[in-house]
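Presented below is the structure to which this report refers.
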Amino acid sequence: MSGPIVCVDDQPEVRRLLAELFRARGREVMSFDNGEDAIAWLSNHEAELVVLDLDLGAGRRTGIEICRELRSRLPELPIIILTGHGTIDDAVIAVKAGAVDFITKDPYLEDKLAISVEKVERILEHARDRRRLEDENRELRATNEKLRRAAGRRWAIVGDSPSIRNVMTKIERVAPLPRPVLVLGPRGTGKELVARAVHTLSPRASEPFITINCAAVAESLLESELFGHEEGAFTGATKQKEGKFELADGGTLFLDEIGNMSMEFQAKILRVLEYQRFERVAGSESIQVNVRVIAATNADLKVAMAEGRFRPDLYDRLAFEVIQLPALAARLDDVPVLATYFLARFRQEVAGITVREISAEAFDAFASYDYPGNVRELKNVVERAVYMASGEVLTAADVAAALPPEAQLGASASTAGASGFQDDARLPLGERVDAFESWLCRDALERTRFRQKEAAQLLGLTYDQFRQRYRKYGLGKD
Ligand SMILES: Nc1ncnc2c1ncn2[C@@H]1O[C@H](COP(=O)(O)OP(=O)(O)OP(=O)(O)O)[C@@H](O)[C@H]1O
Ligand SMILES: [Mg+2]
């Protein structure tokens, strides 16, 4: 609330006294000898405070009436009531009418007013803080809500970046077709998630989705795993067993990590893809299936082909559609929606999680790391941060504590130390300290590519503290 202090009293000497008193404290004053005029003026002007006499003279509305009317019109405007008597009754009436304070006009009026005004200032300050906090919370909730909505995405694939949208478009396009799909991408980027989405969106959705990790099984066993075996096919094969291709009949088979199969084995896979027929190990019957294959790898198949480790004919067959997943570092703008999504999921899975929201600084902290383990690593970081945090709002410090040590900006800075700083021992101590502080701030800026927020973090300063030094030392780029 800004504007003058409005004083309403029918006695000119009291008005004069009040005006002097407030002006001496650097305040502007508007005086009225009756309540009606004050109300009229306040209906189109702002004021900081009203000091209102209880008894405004015969034939006039009383201070209490004026106070009630002001209260209902301007509920935020603080009112102090002055009275000639100072009886308990008056005090009770004044407070009931909505006055924040009540003062008797006596020889100590000046002191009492000073104390009362200080009290009002504290109340105002408090109200301002509360309003600011409410605004901030509203904003925070709106951001988190927006992210949560964006996070409730299709088939559990979360992200708003152009590259992930492109992935979604491809999934929708290829899903209905009975053709293989090749999913490529670094570890933890969501290859299996994509394979499941393709299956879910296909007409086979109600049929089985079978997965096999080709790299996790020795090749001699892989054949039996995929195609099954007859009883006695090898030592230990006591029973006939169906392979994954049979189990996936009518549905989808996800061949994960196909990058390491031998060339011979690749030829077998190719044959099944072409003819949808195979024999069990040690079997003679030719089994016919209807299986859609989705293959995935984090290996670079182009290189593998160039080096003669991957069959180009198998590649061509699998690559009816290639879905390439980007590393998370290439789409850090997806980090907020992903973090929000993982928080929501974690809250569903685990009881007693206090964190409900993620602060803007925490979002920044999440996005300050490049996640070599991609989305899987981000998920772990989010869960660790949330699990260790104790408040309702996740802070940047919570996130920093959950990131791996190499993500801590401070870690790299401390190894660099202060090498390169030229101290001049002839200068007075104060100037040497300033020179060093300025050097540290500039150094932090350079390390963070002039991102001031990160530089502040690096130095363990709040943003405001950093900005203060930034201005003091004139640290603009040149
Ligand atoms: N876009 C995304 N939205 C939501 N969750 C995701 C996304 N991408 C990955 N995840 C999650 O990250 C984790 C890893 O995903 P997934 O197993 O699909 O990755 P991958 O590429 O198959 O990894 P790897 O190469 O290690 O096998 C899973 O928990 C998955 O749910
Ligand atoms: Mg995988």
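Every number for a ligand or one of its atoms is a count from 1 in the order of the listing. Computed from heavy atoms alone, side chains included, the values below leave out hydrogens, waters and symmetry copies.
- Between the choices Lys191, Glu257, Arg331, Arg376, the shortest heavy-atom distance to atom 12 (O) of ligand 1 belongs to Arg376.
- Contact check on Lys241 versus Glu230 returns no salt bridge, with no Lys/Arg side-chain nitrogen under 4.0 Å from an Asp/Glu carboxylate oxygen.
- Residue-level proximity to ligand 1 for Leu338 is carried by the side chain, the only part with a heavy atom below 4.0 angstrom.
- For atom 3 (N) of ligand 1, the closest non-hydrogen atom of the protein is Val158 N, 2.9 Å.
- Contacts between Ala156 and ligand 1 below 4.0 angstrom, taking non-hydrogen atoms only, involve the backbone exclusively.
- Salt bridge absent: Arg141 and Glu357 never bring a charged side-chain N and a carboxylate O closer than 4.0 Å.
- At the top of the distance list for atom 29 (O) of ligand 1, counting protein heavy atoms only, stands Lys379 CD, 3.7 Å.
- Salt bridge Asp334/Arg331: present, at least one basic N to carboxylate O contact under 4.0 Å.
- Proximity to Tyr341 (heavy-atom distance under 4.0 Å) selects the following atoms of ligand 1: 4 (C).
- Each of the following atoms of ligand 1 lies closer than 4.0 Å to a heavy atom of Phe342: 5 (N).
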Derivation and outcome, side chain to side chain contact (heavy atoms under 4.5 Å, CB included), residues Arg356 and Val393: CA-CA 6 Å; Arg356 293 171 178 281; Val393 176; over 6 Å; no
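- Considering only non-hydrogen protein atoms, atom 24 (P) of ligand 1 sits nearest to Gly188 N, 3.5 Å.
- Residues Leu332 and Asp370 have side chains not in contact (no heavy-atom distance under 4.5 Å, counting atoms from C-beta outward).
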Evaluation steps, side chain to side chain contact (heavy atoms under 4.5 Å, CB included), between Leu42 and Leu70: CA-CA 9 Å; Leu42 283 165; Leu70 281 176; 3.6 Å; yes
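- Defined by atom type and a distance below 3.5 Å, a donor-acceptor pair is missing between the side-chain atoms of Gln288 and Tyr275.
- Nearest protein heavy-atom neighbour of atom 7 (C) of ligand 1: Leu193 CD2, 3.4 Å.
- The protein heavy atom nearest to atom 16 (P) of ligand 1 is Gly190 CA, 3.6 Å.
- Under the 4.0 Å criterion applied to side-chain N and carboxylate O atoms, Glu454 and Arg451 are assigned as salt-bridge partners.
- Checked by atom type, the side-chain pair Thr395/Asp398 shows a donor-acceptor distance below 3.5 Å.
- Taking any N or O of Asp256, backbone or side chain, none lies under 3.5 Å from an N or O belonging to ligand 1.
- A salt bridge between Arg73 and Glu69 is present, with a side-chain N of the basic residue lying under 4.0 Å from a carboxylate O of the acidic one.
- For ligand 1, the atoms lying closer than 4.0 Å to a non-hydrogen atom of Glu192 are 18 (O), 22 (O).
- Near Ile157, with a cut-off below 4.0 Å to any heavy atom, the atoms of ligand 1 are 1 (N), 3 (N).
- Protein heavy atoms come within 4.0 Å of atom 9 (C) of ligand 1.
- Ranking the protein heavy atoms by distance from atom 11 (C) of ligand 1 puts Val375 CG1, 4.0 Å first.
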